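Here's the structure, in structure tokens; my notes come after.
Remember, it's a predicted structure, so these values are computed and weren't measured experimentally. One is the number of the first residue; the rest follow in order along the sequence.
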Amino acid sequence: MPATLTASHSATGNERLRGAMVAANVTIEGLAAHLGIDAKSVDRWLNTDRTPHARNAAAAAKYLGADPYHLWPKLGQRHRSTPTPQDEVVACYPMRSTVPYSLWRSTLANATTVIDLAVANLLFLADAVWDLPALLADKTAAGVRVRIITPENPAGPVTGLADVFPSLTATPGLRLATHPGLRADVLRADDDLLVTTPVDGLTPALAPVLHLRRLGPAPMVGGYLATLDHLFATATPARPVARLRAVVA
């Protein structure tokens, strides 16, 4: 057991949190560093009945592989800890070039259950995630559900899925589809989303990007997830061979 988890604590200490940290082999300092907060805050969570803000609680629980409402039963009872749409916004970037370059790939690489890509701008994705086909193939082999949806009629002569990522069309386990109404670029990995929000008159590269993280009943991410499910439910399964022949011709 890490030494930093063996300090004396009062009767009101949070043994659920302590157990989750021990199971995950995470120290007070390690959890604080991951969350970007002072270690004293984590110590108070452990050794008193202090309940963190909803955003920190959700991020800590995800890092520990636990349920935030199990770790902090009072979480839903505190008005200021009840998740709101604002709490789901991890960051907002004025344009795509201001998003940390590594964030696109790391978000996908951290997925353990679900990856959804609704992408109108495949050329950008090819640049941002240089090993996307190999990464998605590995994720699919590991049991992650991977779905990709692209425009039914992509703009430009060479912007279809088979043109930009030809090996994806032969990767088993991936669900590939096209949709005529796709506009926004949405990259979803488990509870994290990177959403490029289209603005009339702006090219996609100049559109704002939201980094969202689902927090319990908060509605913003839920709306995007419902939209993704609707897109895939009404999409047309991709026919990569026919599209590739048309490009070659």
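No donor-acceptor contact under 3.5 angstrom links the side chains of Asn110 and Arg105, judged on distance only. Under the 3.5 Å distance criterion, with hydrogens and angles disregarded, a donor-acceptor pair is assigned to the side chains of Asp190 and Thr113. One side chain, His179 or Thr234, offers a donor N or O that lies under 3.5 Å from an acceptor on the other.
A 4.5 Å side-chain heavy-atom check between Leu161 and Leu122 finds at least one atom pair inside the cut-off. Looking at heavy atoms from C-beta onward, Val129 lies out of side-chain contact with Phe165 at the 4.5 angstrom threshold. Between Pro208 and Val199, the closest side-chain pair of non-hydrogen atoms falls below 4.5 Å. Contact check for Val119 versus Phe124: no side-chain heavy atoms found under the 4.5 Å cut-off. Between Asn14 and Trp45 the shortest side-chain heavy-atom distance does not fall below 4.5 Å. Between Ile115 and Arg147, the closest side-chain pair of non-hydrogen atoms is not below 4.5 Å. Proximity of Asp185 to Val195: side-chain heavy atoms (C-beta onward) are nowhere separated by under 4.5 Å. Within the 4.5 Å cutoff, side-chain heavy atoms of Ile28 are placed close to those of Leu46.
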Under the side-chain contact (heavy atoms from CB on, under 4.5 Å) criterion, do Val90 and Leu212 qualify, and how do the steps go?
-> CA-CA 5 Å; Val90 178; Leu212 307 176; over 6 Å; no
Apply side-chain contact (heavy atoms from CB on, under 4.5 Å) to Thr197 and Val209, showing your working.
-> CA-CA 6 Å; Thr197 57; Val209 177; over 6 Å; no
Can Tyr101 and Trp130 be said to form a ring pair (Phe, Tyr, Trp, His ring centres under 6.0 Å), step by step?
-> CA-CA 11 Å; Tyr101 195 74; Trp130 58 272; over 10 Å; no
What's the verdict on side-chain contact (heavy atoms from CB on, under 4.5 Å) for Arg18 and Asn47, showing C-alpha distance, side-chain angles and the deciding distance?
-> CA-CA 9 Å; Arg18 188 181 307 278; Asn47 298 320; 2.9 Å; yes
Can Ile37 and His53 be said to form a side-chain contact (heavy atoms from CB on, under 4.5 Å), step by step?
-> CA-CA 12 Å; Ile37 62 176; His53 190 276; over 6 Å; no
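Distance CG/Leu136 to CG/Asp131: 9.0 Å, rounded to 0.5 Å. If you take NZ on Lys139 and CZ on Arg145, they are separated by 14.5 Å, rounding to the nearest 0.5 Å. Note that CG of Asn56 is 9.0 Å distant from CG of Leu31, once rounded to the nearest 0.5 Å. Summarising the geometry, atom CZ belonging to Arg214 is positioned 9.0 Å from atom CD belonging to Glu88; distances are rounded to the nearest 0.5 Å. To the nearest 0.5 Å, atoms CG (Asp191) and CG (Leu225) are separated by 8.0 Å. Remark: Ile149 CD1 to Leu231 CG distance equals 5.0 Å, nearest 0.5 Å.
Residues Ala235 and Ala177 come closest through the heavy atom pair CB-CB, 3.6 Å. Closest heavy-atom contact between Met21 and Val42: CE-CG1, 4.3 Å. The two residues Leu182 and Ala118 have their closest heavy-atom pair at CD1-CB, 3.8 Å. Taking both residues in full, the closest heavy atoms of Ala111 and Ala189 are given as CB-CB, 3.8 Å, listed atom of the first, atom of the second, then distance. Listed here is the closest heavy atom pair of Trp72 and Ala60: CH2-CB, 4.1 Å. Across every non-hydrogen atom of Ala57 and Pro52, the tightest pair is CB-CG, 3.7 Å.
Cation-pi geometry between Arg188 and Tyr224 is not satisfied (NZ or CZ under 6.0 Å from the ring centre, within 45° of the ring normal).
A single hydrophobic cluster is not seen to contain both Val114 and Leu187; linkage of ILVMFWY side chains at heavy-atom distances under 4.5 Å, directly or through other members, places them apart.
Of the residues Asn121, Thr203, Leu194, the one that meets the side-chain contact (heavy atoms from CB on, under 4.5 Å) test with Arg96 is Asn121.
Taking a cutoff of 4.0 Å between a charged side-chain nitrogen and a carboxylate oxygen, Arg44 and Asp38 do not qualify as a salt bridge. A salt bridge does not link Arg175 to Asp116: none of the charged nitrogens lies less than 4.0 Å from a carboxylate oxygen.
Although no hydrogens or angles enter the test, the distance criterion places a donor-acceptor pair under 3.5 Å between the side chain of Thr171 and the main chain of Ser167.
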